[in-house]
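What's counted below: heavy atoms across the whole structure, side chains too, no hydrogens, waters or symmetry copies.
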Amino acid sequence: MAPSGPSSARRRCRRCLYWIPVLFISIIVCWSYYAYVIQLCIVTMENIGEKVLCMIAYHFCVLLFAWSYWKTIFTLPMNPSKEYHLSYSDKEVLEREPRGESQQDVLRRLAKDLPVYTRTMSGAIRYCDRCQLVKPDRCHHCSVCDKVNNCVGFSNYKFFLLFLAYSLLYCLFIVATDLQYFIKFWTNGLPDTQAKFHIMFLFFAAAMFSVSLSSLFGYHCWLVCKNRSTLEAFRAPVFRHGTDKNGFSLGFGKNLRQVFGDEKKYWLLPVFTSLGDGCSFPTCLVNQDPEQAPSPTGTSAPTKSIENHPFPAKPLRESQSHLLTDPHPWNENNGRNEKRNVGMSNPALTIENET
């Protein structure tokens, strides 16, 4: 039987509210299509060649924009694998222990065989009381995780970046092709028709959105280059040695490939090509952690000290190990010298949550 009562009504209202931004964007795009194709291209433009070229280029931009937006809002977020969930007996043991250091001892024991190396600000094991699991690295509980229309994570972060890029391209294209007719209408160079309002307002709207989109897109490009989420940009991840804002950065080239994949022919298409499985991310800092289980291969990983901070060694999963096996050295933009191609895998659920 479906749940009823005030809580159920609130959930239904929240679900409706979550779709308001999607509805708003859809209305704006539909109106801009009418204003550009009908009022500008068909009604206002007189040159046939200009009409054809503008309409072909416009529909190409619309296709990429709609495709990337669709993939962004309808791609389901990923969940941590079963190994991070507590068994029934582990839950009973944890509930019996008083909160504080006793519970942390239990969690440390449970997390010992898990590849988790980030901690809370106080140095404790990251645990989600609501989901009853040990949080993978770079994973955070999302209060709207079942509302994928405004939730951005590992599974759709590439789509979100392409959505920003093609939204910006869409607006800039409209501004560039609408400018001469906007000037003509503004200076009364063309007759005062119904198209005047649409063309003038279309130019103002596209120019306004171009400014905001360029800032947001530039910010996320910077995040990709640094291999940081929005949360990590404001609060550096905490490891056993302390905070390190560059702990997950592998260098510009590898950071880019981690989001867009190895095959460059798919970089500009909204198809999933990101490296990894959403539960494993390599990091550039490696050192043996005495509290963690050794590598399944039985071999010790190469060690490196970054600013004298110890880092645990972790085996990379096959899907990501090749990120760190390139024989050519690479450089960090923050001034670090050439780092050896070694690293660790860090599980993560979502890179970030955009609202």
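A side-chain donor-acceptor contact under 3.5 Å links D137 and T118. Defined by atom type and a distance below 3.5 Å, a donor-acceptor pair is missing between the side-chain atoms of D105 and S102.
Once rounded to the nearest 0.5 Å, the distance linking NZ of K254 with CZ of R257 reads 6.0 Å.
For the pair K184 and Y181, the cation sits on the ring face: its NZ or CZ lies under 6.0 Å from the ring centre, inside 45° of the axis. Taking the ring centre of F248 as origin, the terminal cationic atom of R138 falls inside the region bounded by 6.0 Å and 45° from the ring axis.
Remark: Y266 OH is loosely packed, at most 12 non-hydrogen atoms of other residues, nucleotides or ligands lying under 6.0 Å away. In E46, the CD atom is not crowded: 12 or fewer heavy atoms of neighbouring residues, nucleotides or ligands sit closer than 6.0 Å. Other residues, nucleotides and ligands place more than 12 heavy atoms under 6.0 Å from the CH2 atom of W222. Taking a 6.0 Å sphere around CZ of F60, one finds it holds 12 or fewer heavy atoms contributed by other residues, nucleotides or ligands. For W70, the CH2 atom counts as loosely surrounded, since its 6.0 Å shell holds 12 or fewer non-hydrogen atoms of other residues, nucleotides or ligands. The neighbour count for K91 NZ, taken as heavy atoms of other residues, nucleotides or ligands under 6.0 Å away, is above 12.
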Side chain to side chain contact (heavy atoms under 4.5 Å, CB included) between V259 and H220, worked out
CA-CA 12 Å; V259 175; H220 277 278; over 6 Å; no

Please test E263 against T273 for side chain to side chain contact (heavy atoms under 4.5 Å, CB included), starting from the C-alpha separation and ending with a verdict.
CA-CA 8 Å; E263 299 188 64; T273 55; over 6 Å; no

Please evaluate residues F154 and F272 with respect to the criterion ring pair (Phe, Tyr, Trp, His ring centres under 6.0 Å), reporting the C-alpha separation (whole Å), side-chain torsions for both, the decisive distance (0.1 Å), and the verdict.
CA-CA 10 Å; F154 169 81; F272 185 81; 5.7 Å; yes

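Counting heavy atoms from C-beta outward, T193 and V43 have side chains that stay 4.5 Å or more apart. Using a 4.5 Å cut-off on side-chain heavy atoms (C-beta onward), F163 and W67 make no contact. At a threshold of 4.5 Å between non-hydrogen side-chain atoms, the residues S249 and K226 do not count as touching. Taking the side chain as every heavy atom from C-beta outward, N246 and R228 approach each other to under 4.5 Å. Between S32 and L202 the shortest side-chain heavy-atom distance falls below 4.5 Å. Side-chain atoms of K135 and Y127, non-hydrogen and from C-beta on, never get closer than 4.5 Å to each other. Using a 4.5 Å heavy-atom cutoff, the side chains of C225 and L256 are not in contact. I125 has its side chain out of reach of V116: every pair of non-hydrogen atoms, C-beta onward, lies at least 4.5 Å apart.
Listed for the Q39 side chain is no donor-acceptor partner under 3.5 Å among the backbone atoms of Q194. Using modelled atom types, no side-chain atom of K158 and backbone atom of S274 make a donor-acceptor pair closer than 3.5 Å. Under a 3.5 Å cut-off, the side chain of S215 and the backbone N or O of V211 do form a donor-acceptor pair. With hydrogens and angles ignored, the 3.5 Å screen pairs no side-chain donor or acceptor of S68 with any backbone N or O of F159. T75 places no side-chain N or O within donor-acceptor distance of the main-chain N or O of T72, the cut-off being under 3.5 Å. Of the possible polar contacts, one joining the N255 side chain to the G251 backbone as a donor-acceptor pair under 3.5 Å is found. Distance alone, capped at 3.5 Å, is enough to place a donor-acceptor pair between the Y166 side chain and the L268 backbone. A distance-only check finds a donor-acceptor pair linking the side chain of R126 to the backbone of P136 [under 3.5 Å].
Between L168 and S210, the shortest heavy-atom distance links the atoms CD1-O, 3.5 Å. Nearest heavy atom pair, residue L223 against residue A233, reads CD2-CB, 3.7 Å. Closest non-hydrogen pair, E232 versus N227, comes out as OE1-O, 3.9 Å. Of all non-hydrogen atoms in A195 and T44, the two that sit nearest each other are CB-OG1, 3.7 Å.
Hydrophobic clustering (ILVMFWY, side-chain heavy atoms < 4.5 Å, transitive): V62 and V52 are in distinct clusters. Note on L172 and L63: separate hydrophobic clusters, where clusters join Ile, Leu, Val, Met, Phe, Trp and Tyr whose side-chain heavy atoms are under 4.5 Å apart, directly or indirectly. The cluster map of Ile, Leu, Val, Met, Phe, Trp and Tyr, joined by side-chain heavy atoms under 4.5 Å apart, puts L23 and Y69 in different clusters. Residues M45 and I48 do not share a hydrophobic cluster, clusters being chains of Ile/Leu/Val/Met/Phe/Trp/Tyr side chains in contact below 4.5 Å. Residues L161 and I25 fall within the same hydrophobic cluster, defined by Ile, Leu, Val, Met, Phe, Trp and Tyr side chains chained together at heavy-atom separations under 4.5 Å.
Taking the ring centroids of Y36 and H198, they lie at or beyond the 6.0 Å cut-off. The distance between the ring centers of Y33 and H59 falls below 6.0 angstrom. In this structure, F209 has its ring center at least 6.0 angstrom away from the ring center of Y170.
Considering F185, F197, F182 as possible partners of F203, the one that fulfils the ring pair (Phe, Tyr, Trp, His ring centres under 6.0 Å) test is F182.
The pair R108-E101 meets the salt-bridge criterion, since a charged nitrogen lies less than 4.0 angstrom from a carboxylate oxygen.
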